[in-house]
Engineer: 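Submitted below is the structure of interest, expressed as structure tokens.
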Amino acid sequence: MEDFLQKHRRTAGALLTMLGGLGWGVSGTCGQYLFTQKGVTSFWLVPIRLLTAGVLLLCFSGAAGGAKALLAPWREKRDRHELLIYGLAGITLCQLTYFGTIELSSAGVATILQSLSPLPILLCGCAAAHRRPAFRELFSILLALLGVGLIVTNGSLAAMSVSPAALGTGLICALTVTIYNVIPGRLLRRYPAPLLQGWSFLMGGVLLSLLFRPWRYAVHIDLGLILAFCAVVLLGNVLAFNAYMTGVKLIGPEKGILYGFSEPVIAAVLSSLWLGTPFTVWEAAGFGCIFAMLALLSRPEDGRAAE
């Protein structure tokens with residue numbers, strides 16, 4: 001399987017990152033269903049989904065590689081530090097702010113705001129290289145700002161259609177996406193993606209459970225809640241994260257983020273058709289601007305051959 005992925009790395013990487021985006025889109029819409037129809041909060045949902053997914057993935061990794069392989073990422077100091085940053089500052093904070101944004105707005109808005117993550121990568125790269133952004137990069141930034149403006153205002157400057165709280169958590173989410181796309185590059189070359197995801201989810205689940213104590217929330221358990229929760233865990237955590245990170249390993253974070261744009265598209269369509277969330281022409285235009293930003297930033301620099 002690994003030989004096949006390497007031989008067809010560009011195609012496989014694109015398909016895997018798109019599959020990850022689709023899984024996240026469905027998961028986000030199921031999360032919106034839990035918030036709007038079942039009275040669940042992100043402080044209940046996120047810790048439990050992380051714990052559940054972490055246990056499932058670590059059981060799978062332990063069965064596949066044994067206890068020695070299961071504990072391998074914790075043996076070296078550098079690996080431990082990178083896994084802690086990736087798992088807590090990347091995965092855990094991303095999950096909390098992502099579902100918090102869904103709770104405050106909608107799955108479509110949350111996913112499109114987190115798609116702004118290439119901008120921090122661009123600005124950090126310019127700062128590290130002590131250079132100004134190129135014209136193409138400046139134009140990409142303007143497209144992103146225009147896209148967010150169209151989504152937030154819905155074409156009217158008189159009132160915001162997205163609350164400041166949702167906008168703030170969505171932008172923080174974009175920063176955390178940057179972390180979990182960039183930090184694990186070396187780790188992914190050393191360890192399987194499901195193993196890294198399992199430890200990240202488990203760490204996040206334990207930490208958030210201690211902070212928010214989800215057992216205190218009165219949640220009515222029924223079939224609809226169980227099915228939506230299973231979709232959030234199995235599609236959003238187990239399938240999507242592993243498919244996406246395996247794709248990133250093959251084609252890199254820049255192109256991975258571009259192909260992952262399937263997430264906001266499917267989230268917007270599903271939340272509109274299933275939950276009746278309005279999807280206006282202004283939001284569609286905003287989506288288009290942000291997709292154009294991603295496409296521009298994913299292009300190779302002048303004079304450099306495309307992969």
Engineer: Which heavy-atom pair separates W199 from P73 by the least distance, and what is that distance?
Structural biologist: CD1-CG, 4.4 Å
Engineer: Please check if M245 and V26 belong to a single hydrophobic cluster, counting links between Ile, Leu, Val, Met, Phe, Trp and Tyr side chain heavy atoms closer than 4.5 Å.
Structural biologist: no
Engineer: Hydrophobic clusters here meaning ILVMFWY residues chained together by side-chain heavy-atom distances under 4.5 Å, can you tell me if F291 and F139 are in one?
Structural biologist: yes
Engineer: About how many Å separate OH of Y244 and CG of L239, when rounded to the nearest 0.5 Å?
Structural biologist: 14.0 Å
Engineer: Could you pull out all residues at least two apart from L88 that satisfy side chain to side chain contact (heavy atoms under 4.5 Å, CB included)?
Structural biologist: L84, T92, M203, L207
Engineer: Does R132, at its CZ atom, have more than 12 non-hydrogen atoms belonging to other residues, nucleotides or ligands within less than 6.0 Å?
Structural biologist: no
Engineer: Partners of F35 by ring pair (Phe, Tyr, Trp, His ring centres under 6.0 Å), sequence neighbours excluded?
Structural biologist: none
Engineer: Using atom types as modelled, flag every donor-acceptor pair under 3.5 Å from a side chain in residues 13-25 to any protein atom, sequence neighbours excluded.
Structural biologist:
{"unit_1": "T17", "atom_1": "OG1", "unit_2": "G13", "atom_2": "O", "d": "2.9"}
{"unit_1": "T17", "atom_1": "OG1", "unit_2": "A14", "atom_2": "O", "d": "3.0"}
{"unit_1": "W24", "atom_1": "NE1", "unit_2": "G236", "atom_2": "O", "d": "3.0"}

Engineer: Apply side chain to side chain contact (heavy atoms under 4.5 Å, CB included) to L167 and V148, showing your working.
Structural biologist: CA-CA 9 Å; L167 180 60; V148 170; 4.1 Å; yes
Engineer: Hydrophobic side-chain clustering at under 4.5 Å (ILVMFWY, transitive links): who's grouped with V281? Put none if nobody.
Structural biologist: L146, L150, W282
Engineer: Check whether any side-chain heavy atom of F201 sits under 4.5 Å from a side-chain heavy atom of I91, and report yes or no.
Structural biologist: yes
Engineer: Check for me, please, whether F229 and I226 land in the same ILVMFWY cluster - side-chain distances under 4.5 Å, paths through other members count.
Structural biologist: yes
Engineer: Please assess L83 against S200 for the test side chain to side chain contact (heavy atoms under 4.5 Å, CB included), listing each intermediate value before the final yes or no.
Structural biologist: CA-CA 7 Å; L83 183 56; S200 298; 3.9 Å; yes
Engineer: Show me the donor-acceptor pairs within less than 3.5 Å that the side chains of residues 51-64 make with the rest of the protein, sequence neighbours left out.
Structural biologist:
{"unit_1": "T52", "atom_1": "OG1", "unit_2": "I48", "atom_2": "O", "d": "2.7"}
{"unit_1": "S61", "atom_1": "OG", "unit_2": "L57", "atom_2": "O", "d": "3.0"}

Engineer: Kindly work out whether a path of hydrophobic side-chain contacts (I/L/V/M/F/W/Y, heavy atoms less than 4.5 Å apart) joins L210 to L45.
Structural biologist: yes
Engineer: Could you name each residue pair satisfying side-chain hydrogen bond (donor to acceptor under 3.5 Å, both in side chains) that touches residues 204-233, not counting sequence neighbours?
Structural biologist: K38-D222
Engineer: How far apart are the closest heavy atoms of P133 and C126, and which atoms are they?
Structural biologist: CA-SG, 3.9 Å
Engineer: Can you run down the ring-ring contact (aromatic ring centres under 6.0 Å, His included) pairs that involve residues 94-131, sequence neighbours left out, and say none if there aren't any?
Structural biologist: none
Engineer: Report the residues that fulfil ring pair (Phe, Tyr, Trp, His ring centres under 6.0 Å) with F287, sequence neighbours left out, ordered by chain and then residue number.
Structural biologist: F279
Engineer: Before giving the answer on side chain to side chain contact (heavy atoms under 4.5 Å, CB included), spell out for F43 and L96 the whole-Å C-alpha distance, their side-chain angles and the decisive distance to 0.1 Å.
Structural biologist: CA-CA 8 Å; F43 294 154; L96 185 61; 4.2 Å; yes
Engineer: Could you report the tightest heavy-atom contact between Q32 and S271, atom names first, then the distance?
Structural biologist: OE1-CB, 3.4 Å
Engineer: Okay, side chain of T176, backbone of C173: is any donor-acceptor separation there less than 3.5 Å?
Structural biologist: yes
Engineer: Do R75 and K68 come within less than 4.5 Å of each other through their side chains, counting heavy atoms only?
Structural biologist: yes
Engineer: Are any non-hydrogen side-chain atoms of L171 and L116 less than 4.5 angstrom apart?
Structural biologist: yes
Engineer: Can you list, pair by pair, the side-chain donor-acceptor contacts under 3.5 Å of residues 101-108, counting residues two or more places apart and other chains?
Structural biologist:
{"unit_1": "T101", "atom_1": "OG1", "unit_2": "T97", "atom_2": "O", "d": "2.6"}
{"unit_1": "T101", "atom_1": "OG1", "unit_2": "T169", "atom_2": "OG1", "d": "2.8"}
{"unit_1": "T101", "atom_1": "OG1", "unit_2": "G170", "atom_2": "N", "d": "3.2"}
{"unit_1": "E103", "atom_1": "OE1", "unit_2": "S42", "atom_2": "N", "d": "3.0"}
{"unit_1": "E103", "atom_1": "OE1", "unit_2": "S42", "atom_2": "OG", "d": "2.8"}
{"unit_1": "S105", "atom_1": "OG", "unit_2": "T101", "atom_2": "O", "d": "2.6"}
{"unit_1": "S106", "atom_1": "OG", "unit_2": "V109", "atom_2": "N", "d": "3.3"}

Engineer: Let me confirm one number: the CG-CG distance from L50 to L202, rounded to the nearest 0.5 Å.
Structural biologist: 9.5 Å
Engineer: Would you check if the side chain of Q37 reaches a backbone N or O of L34 as a donor-acceptor pair within less than 3.5 Å?
Structural biologist: no
Engineer: Each residue besides L223 in its hydrophobic cluster should be listed here, by chain and number; the cluster joins Ile, Leu, Val, Met, Phe, Trp and Tyr at side-chain heavy-atom distances under 4.5 Å.
Structural biologist: L227
Engineer: About how many Å separate CG of L93 and CG of L175, when rounded to the nearest 0.5 Å?
Structural biologist: 9.0 Å
Engineer: Which atoms form the tightest heavy-atom contact between T246 and A193, and what is the distance?
Structural biologist: OG1-CB, 3.9 Å
Engineer: Do V248 and I85 belong to the same hydrophobic cluster, where Ile, Leu, Val, Met, Phe, Trp and Tyr are linked whenever their side-chain heavy atoms lie under 4.5 Å apart, directly or via other members?
Structural biologist: yes
Engineer: Walk me through whether E82 and K77 qualify under salt bridge (charged side-chain N to carboxylate O under 4.0 Å, His left out).
Structural biologist: CA-CA 9 Å; E82 290 183 4; K77 183 178 180 180; over 6 Å; no
Engineer: Y191: what forms a ring pair (Phe, Tyr, Trp, His ring centres under 6.0 Å) with it, not counting sequence neighbours?
Structural biologist: none
Engineer: Does the pair E76/R190 count as a salt bridge with the N-to-O cut at 4.0 Å?
Structural biologist: yes
Engineer: Between L113 and A174, what is the shortest heavy-atom contact and its length?
Structural biologist: O-CB, 3.5 Å
Engineer: Excluding sequence neighbours, so at least two apart, what forms ring pair (Phe, Tyr, Trp, His ring centres under 6.0 Å) with Y86?
Structural biologist: none
Engineer: Look up atom CG in L196 and atom CG in L187, then write down how far apart they are to the nearest 0.5 Å.
Structural biologist: 5.5 Å
